[in-house]
Amino acid sequence: GETVVRVHRPTEGQDWIRREPGDPVIDRIVEYWQGGQPVYRPDIQTDDPNGEMPLVQDHDVIPRSILDVPFSHGTLAVHSPEPDAFEPETIETIGQLANVLSEGFRRMDDLRALQERTATAEDAQRHAEAQAEEIQRINSLADSALDLTRSGYWLISYDDPDYYTSSERAAAIFGEP
């Protein structure tokens, strides 16, 4: 389906922002995510290969170090106002956090899928029960019709070999003497 990206800006009182595909910021985030490896920019004030500095100028705290760590549903972005803020050990720890985050999101997806399957099964059960009730209603109406017309009806036990011996031809077809 369509890639949907929601970004939370570190500005007090800001809500999640939905960004549409084709937005350069979104394209870059999707690229980081699909790359599968952490993307670390140690100091965007002195080296800004992705042109991010203009995008963060209105933040309450302007980041200099930015780290994007991919996980199953996007990237976990961490930043600091300090240059060179993230040591390799810190990046590794954030990567482990992203793995845990991935597991949580996968479990959430599993639970949603289970809820959908449960709802589908419950709908099928309700439909089957309604059909059984309708069959019971139809059988009751048929019985009433037979009673009213005094036509009667036959119950034939199929485990009785004599049920089909009404004629010599039927007996011959079924191999009975």
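When Q125, R126, H127 are each tested for a side chain to side chain donor-acceptor pair (under 3.5 Å) with E129, only one passes: Q125. The side chain to side chain donor-acceptor pair (under 3.5 Å) with D110 is formed by just one residue from the set R112, R106, R107; it is R107. For the salt bridge (charged side-chain N to carboxylate O under 4.0 Å, His left out) with R41, the lone residue among D48, D47, D68 that qualifies is D68.
Rounding to the nearest 0.5 Å places CG of N139 at 10.5 Å from OG of S144. Taking CD1 from I138 and CD from Q131, the interatomic distance works out to 10.0 Å, rounded to the nearest 0.5 Å. In this structure, T118 OG1 and L111 CG are separated by 10.0 Å, a value rounded to the nearest 0.5 Å. To the nearest 0.5 Å, atoms NE2 (H79) and CG (L67) are separated by 11.0 Å. Expressed to the nearest 0.5 Å, how far CG of L114 lies from CG of D109 amounts to 12.5 Å. Here the CG-CG distance, from L101 to L76, works out to 6.5 Å after rounding to the nearest 0.5 Å.
In this structure, L141 and R137 have side chains that are in contact, with non-hydrogen atoms separated by less than 4.5 Å.
In this structure, the side chain of S102 does not engage the main chain of F71 through any donor-acceptor pair within 3.5 Å. With hydrogens and angles disregarded, no donor-acceptor distance shorter than 3.5 Å links the side chain of T75 to the backbone of A77. Side-chain atoms of T120 come within 3.5 Å of backbone atoms of E116 as a donor-acceptor pair (strictly under, hydrogens ignored).
Under a cut-off of 6.0 angstrom, the local environment of CD in Q96 is crowded, with over 12 non-hydrogen atoms contributed by other residues, nucleotides or ligands.
Y32 and I66 fall into different hydrophobic clusters, where Ile, Leu, Val, Met, Phe, Trp and Tyr are joined by side-chain heavy atoms under 4.5 Å apart, directly or via other members. A continuous path of hydrophobic side-chain contacts links L97 to V78 [ILVMFWY only; heavy atoms under 4.5 Å]. Residues I94 and Y40 share a single hydrophobic cluster, defined by chaining ILVMFWY side chains whose heavy atoms lie under 4.5 Å apart.
Salt bridge absent: E31 and R28 never bring a charged side-chain N and a carboxylate O closer than 4.0 Å.
Considering every non-hydrogen atom in both G36 and P70, the closest pair reads C-CG, 3.5 Å. When every heavy atom of P83 is checked against every heavy atom of D43, the shortest pair comes out as CB-OD2, 3.4 Å.
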